[in-house]
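Here is how names work: the chains are called A, B, and so on, in the same order as the sequence lines, proteins then strands, and each is numbered from 1.
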Amino acid sequence: MNEDFPKRFHFKEIQGRIYQRWLESGAMRGIPDERENRYVIMMPLPNVTGALHMGHAMDNVMQDLLIRWHRMKGDNTLWMPGTDHAGIATQAVVEKRLFELEGKTRHDIGRDALVERIWRWKDEFQARIIEQQQAMGCSCDWTVYRFTMDAVCARAVREAFFRLFQDGLIYRGNRLVNWDCHLQTAVSDDEIVRKTVHSHFWHIRYPFMDAAPGEPAWVTVATTRPETMLGDTAVAVHPDPERVLDASIEDLEARLATAPEKERPDLEAERDRLRLRRSTHIPKLIQLAAMARDGRTLRLPLLGREIPLILDEWARPELGSGCVKITPAHDPNDYDVWLRHKHEIDIINVLNPDGTYNAHAGPYAGHDRMVVRDRVVADLEAQGLIEKIEDHELELGHSDRSKTPIEPYLSRQWFISMGDRPDGVLFGRGTANAFTAPGLAQAAIDVASGRWRTASGRALAFHPDPERYAGTYTAWLAEKRDWCISRQLWWGHRIPIWHGTISRERLEAVSRLAFEEEQEGLWTWVADEDGKLTCPRDVRGGGPFQVLACIRRESDESRLAPLLEAAGLEQDPDVLDTWFSSALWPFSTLGWPDPDTARVDPGQTPLGPQDGTPSFLDYYYPGSCLVTARDIITLWVARMQLMGLYLLGDVPFTDCFIHANIQDGKGERMSKSKGNGIDPLDIIDEYGVDAMRYVLCDMQTGTQDIKLPVQAISPYTGERIDLATARHGRTIFTYIDPANGKEFDVLGTIDDLPRARVTSDRFEVGQLFCTKLWNAARFALINLGRHTFRPLASEELRPEDRWILSRLAGAVGKVTRALEAYDPAGALATAREFFWGDLCDWYLELVKPRLKEDGGAYAARAVLSVCMDHVLRLFHPFVPFITEALWEKLGEQAPVRGLREPLPACDLLMSATWPEVEASWVDESVEQEVAAVQDVVRAIRDLRAQYQVPSSRQVDAAIQAHGEALARIEKLSHLVARMAGVRALTCGPEVDRPRLSAVAVCGDVEIHVAGVIDVEKERIRLTRQRDKIEKELQRIGKKLANEKFLEKAPADIVNKERARHAELRGQLELVGASLRAFE
RNA sequence: GGGCGGAUAGCUCAGUUGGGAGAGCAUCGGUCUUACACACCGAAGGUCGCAGGUUCAAGCCCUGUUCCGCCUACCA
């Protein structure tokens, strides 16, 4: 045994082999069966842009923890893995490389060639991601691996789109979108990062075309984007500036009345400013409002265009000049103004998709917007039309993908209607769970409200903090903003719509075609200019009509598309937002809408019914838990919920576990691009996968962020350098080695600098744990010999046996409860406390002598084997590799384990059962007895340490105690002797104080350790203890002297304090007596 | 500007309905005691961000305040 059990745990020798065993066993697969209890996790798909980082590691480990635990609990588990095509992110990366390596743009190589290259990129990174996940020990079902653009998912995307379209929930409209001029696509709000930039307010004068004497000759408007003036189509003034300003002043007065002293100066200043403004600005604004009513116009500088002065409440009398320029095509608020004044003012788009200005910009056409800005400002200044320029800081949206500033841009896009509909929306059409709700967003809000459940009785709950995250979820959905689902990209699911403006005759041809298609394979709408949809048969007049036609199935496309195109329709070039396909993930992966015909890849598990078992969709939907970080709540959780509710009438999952985000030592978000990111494979290589998992679980408490101090390994010295405090070099990715002043790089982007690997010593803790577990198991197994089971009579159990079993029962319960509460760190702490604190530090030491003797050895081995068995089970979800490896060895030494009966056996720990609390093991009194022993032992050890007695040297001791305490100690005095290194131990109510003995007072127990004494040292130590007791007595005494305390505090609290007071007084007497003995 | 969260030992974090401040790592002292020196034994270390308030009693509840993180917004 000793030979084939290495002294140290070498993780590299087991990791690959163990994972292979799991794979071959098929234990990771989800196979529908007769079990009612199932547990389903849909992996939040990593995108194929790059490799996984520490945040993914946390996410994957949390999922694996839950799935392994549930698998052991006997649930039928499915953990669905996969990757996301991540449209814009992936295309951006591949395009960037194309340009860097070959100097080509996507237009040079064309749509098909670009998509082909992206597929190759995807294959490469998908393989790397799978490698990382397997290295982390992820026990997902690889035989059902999905990709959001594979045949199974693609069919679901198309079907979902069709149904939304058919229900009139998808529309096409002109909207201002966030435009990425670099990638030339619309991006969603989520893809925008805000940065503070230094800028200016430019105050510009717009002269009146026809100012009469006594009237102002111009109005002044201010802007942070002067170039957009080329697209101005009006200037607005408030229709009733006086009233609004007075209302603002009144509002301020009201706030002043109740405002705290601190805020008063600011409020007063603001009130005074507005009061002053009343006289300086209002007369002019009233005059301007009158001029606007009179239909007066302004001359737009530089272009000379005549634009009206209009009345609109968007113009705020309390700000700026009180007038505001209106650029409907390039500002969301101005767009709203345009909607209100459609028939009075124009909307002019001056921007090309690439960020240059178009022909509407006159002489500025063809130049980039930044160039236009400079020239517009220069030209205005030359004409004396710039009144002033102020410095100003503003939060400017930048595209997360291209890092360039976002432009609001008017373009035709596709939207999903999120708001409430007049007739409501039918959810789960054709299912047993069908219901009607006001709108998509509202249903998703209701299901998390705690007040409404689906027909199956399900709802959505967040963990570990239900209120907080339900709050962010609901707040976002409550805005009910329509979801822009089109992207001007080439990589993604193409929108299956053919559209065009065609004659009545052609419309009728298309309608006939749609009518003839079986199973509603083609659906058409006629849209008016506002996007409102009408059924073709209800349209009146001769056209032409804007027609939208959706082909339901890809397989029909080759047949139907030519017919639509012959009728003058064209397929939309856009693709769908990535989140559209991600939102379907909880059921697209299961083969929805028809698992029987889902086209899985060769070698994959079919999703349809097999030999009488239900289909994956029927069996595994609705799922159980989504595990993710909080920044994805709106993107994912909300959208998956509403899609699941809409298409299947039930939630995609009932629980959402929000785990922490990982930050570096400075509290900054970890990211590859900042160079503070850690590759999980580096950690696995250095510390082992179990160590990494252990630490990640240990860090997952309840907080929202976790700081993980990051170090670089110096390429010069090999020393660790803390990146939170290290000095930067020439860029933020380079640092100075404090040992030699040399610079190094953490990203590997600077050619002439050596690259440093980034790691974190925080993972050492996990390695220490694994070593301990390994060694404890090694000890246990060496001592088990070849253990064969026989039923054990309870009389054979000694107190320490009953104690450790009682502790074990307690630990099993506590660990289970912590996992149920989504508290991995709490669960791990409990398990560790039992294993390390109870089993290793006490039980193993206590039974060492017994393992050598004949009488007590069998019981000790049986208990030891049961403890190790349970320890491995409890730790398995956290540290699966080492526990599985030790389980193999335990199985060899003690194939059948148990006390009265054998424990349920299993070849693989992964498939073994989760321990249950054994009520008969719980023994409060033995726990108290041992606790008393531990107190005495610690007191003796403390004395030994004070006198620096080597542990090899035995001492004599005498314990003076009374009543129950004495009985307990006497009963287990042999354990005290063993654990405290005592040779001769005497106990009694009155013991002879050994000559020259050190003394400790522990409760009402007095302990004398003979043979070690230093009078002065004893005096100092005892005096210190006496002072401490006196201080505490004083505190409690004060409390007990307080009549109000005695009156108002609950009786049990008062009694507790009294008891403690009495105990401390006894202790004080003992300490005092000992002190006197030294005088 | 609004919202959410955090501030507890040198570091990273626990602290569950208010009732004697905890863990791990790091530090210090001792020990190679028949699994483990990647260990064991012991010790030291905290005005619980700051200021008020409620209460017999506050790390915990309330108000204010400072700093940090995240989300969010249209302020000319």
Heavy atoms under 4.0 Å, any strand shown: does A/Ala777 hit a base, just sugar-phosphate, or nothing?
-> nothing

For B/G42, which nucleotide in any strand shown is its Watson-Crick or wobble partner with both distances under 3.5 Å?
-> B/C28

A/Thr771 side chain N/O closer than 4.0 Å to the phosphate oxygens (OP1, OP2) of B/C36?
-> no

Given RNA chain B, 5'-ward residue of the pair A/Asp841 and A/Glu1063, judged by closest heavy atom | A/Glu1063

Describe the nucleic acid contact of A/Trp314 in one word from base, sugar-phosphate, nothing, applying a heavy-atom distance below 4.0 Å.
-> base

Closest nucleotide among B/U12, B/A35, B/C4 to the A/Pro709 side chain | B/U12

What nucleic acid atoms does A/Cys840 come within less than 4.0 Å of, heavy atoms only: base, sugar-phosphate, or nothing?
-> base

Using the P atom on both, measure B/G59 against B/G1 and round to a whole Å.
-> 32 Å

B/C67 - base-pair partner by Watson-Crick or wobble geometry, distances under 3.5 Å | B/G6

Whole-angstrom distance between B/G30 and B/A44, as gauged at atom C1' | 14 Å

Looking at side-chain heavy atoms only, is the closest gap between A/Leu696 and A/Met692 below 4.5 Å?
-> yes

Selected nucleotide, minimal atom distance to A/Ser951 side chain, candidates B/U31, B/C56, B/A76 = B/U31

d(CD, A/Gln1025; P, B/A44) in whole Å = 11 Å

Give A/Arg8 one of three labels, base, sugar-phosphate or nothing, depending on what nucleic acid heavy atoms sit under 4.0 Å from its own.
-> base

Rounded to whole Å, CZ of A/Arg277 lies from P of B/A76 at a distance of 12 Å

Span that lies between the C1' atom of B/A39 and that of B/U33, in whole angstrom = 11 Å

P atom, B/U12 versus B/A57: distance in rounded Å?
-> 35 Å

Closest to the A/Lys852 side chain: B/U34, B/A35, B/C56?
-> B/U34

Shortest non-hydrogen contact between A/Leu839 and A/Cys867, atoms and distance | CD1-CB, 3.8 Å

From CA spacing to verdict: side-chain contact (heavy atoms from CB on, under 4.5 Å), A/Lys772, A/Cys840 | CA-CA 9 Å; A/Lys772 185 72 179 178; A/Cys840 292; 3.9 Å; yes

Does A/Arg316 make a side-chain N or O approach to OP1 or OP2 of B/A76 shorter than 4.0 Å?
-> no

Choosing from B/C4, B/G29, B/A73, which nucleotide comes nearest the side chain of A/Arg481?
-> B/A73

NA contact type, A/Gln663, heavy-atom cut-off 4.0 Å: base, sugar-phosphate, or nothing?
-> sugar-phosphate

To the nearest angstrom, how far is A/Ile706 atom CD1 from B/G69 atom C1'?
-> 14 Å

Check the distance between B/C25's P and A/Arg720's CZ and give it to me in whole angstrom.
-> 16 Å

RNA chain B nearest-nucleotide lookup for A/Ser952 and A/Glu1057: closer to the 5′ end is A/Glu1057

Side-chain contact, heavy-atom cut-off 4.5 Å: A/Asp331 with A/Pro408?
-> no

Measure from the side-chain heavy atoms of A/Leu844 and tell me the nearest of B/G5, B/A35, B/G19.
-> B/A35

Nearest-nucleotide pick for A/Phe1045, side chain only, options being B/C4, B/C56, B/A35 | B/C56

When we call it a touch if two heavy atoms are under 4.0 Å apart, what does A/Val765 touch: a base, just sugar-phosphate, or nothing?
-> sugar-phosphate

Just checking A/Trp836: base, sugar-phosphate only, or nothing, at a heavy-atom cut-off of under 4.0 Å?
-> sugar-phosphate

Determine, using ring centers only, whether A/Phe769 and A/Phe875 are less than 6.0 Å apart.
-> yes

Would you mind reading off the distance between A/Arg938 atom CZ and B/G42 atom C1', rounded to a whole angstrom?
-> 11 Å

Could you give the NZ-to-P distance, from A/Lys7 to B/A39, as a whole number of Å?
-> 14 Å

Looking just at side-chain N and O atoms, do A/Thr759 and A/Gln711 make a donor-acceptor pair shorter than 3.5 Å?
-> no

Assert yes or no for the condition that the ring centre distance of A/Trp774 to A/Phe11 is strictly below 6.0 Å.
-> no

For nucleotides B/G45 and B/C50, find the distance between their C1' atoms and express it as a whole number of Å.
-> 23 Å

For atom NZ of A/Lys814 and atom P of B/G15, their distance in whole Å | 13 Å

Measure from the side-chain heavy atoms of A/Arg778 and tell me the nearest of B/A39, B/G42, B/A35.
-> B/A35

Assigned partner base of B/U12, Watson-Crick or wobble definition, under 3.5 Å | B/A23

Report the distance from atom NZ of A/Lys707 to atom C1' of B/C11, rounded to the nearest whole Å.
-> 9 Å

Given B/G42, B/A44, B/C56, which nucleotide is nearest the side-chain atoms of A/Pro1050?
-> B/C56

Derivation of the side-chain contact (heavy atoms from CB on, under 4.5 Å) call for A/Thr220 and A/Cys323 = CA-CA 7 Å; A/Thr220 305; A/Cys323 295; over 6 Å; no

Test item: A/Val937 and A/Gln934 side chains (from C-beta on) under 4.5 Å apart, heavy atoms | no

With sugar-phosphate meaning primed atoms plus P, OP1 and OP2, does A/Ala776 contact a base, only sugar-phosphate, or nothing at under 4.0 Å between heavy atoms?
-> base

Nucleotide nearest A/Arg630 when distance is taken to its side chain, options B/C70, B/U34, B/A14 = B/C70

Taking the same atom, C1', in B/C13 and in B/G46, what whole-Å distance lies between them?
-> 14 Å

Nearest-neighbour nucleotide for the A/Ala315 side chain, B/A76, B/A43, B/C36 considered | B/A76

Expressed as a whole number of Å, how far does the P atom of B/U54 sit from that of B/C41?
-> 48 Å

In whole angstrom, give me the gap between the P atoms of B/C60 and B/U16.
-> 11 Å

Ignoring backbone atoms, establish whether A/Lys848 has a side-chain N or O less than 4.0 Å from OP1 or OP2 of B/U33.
-> no

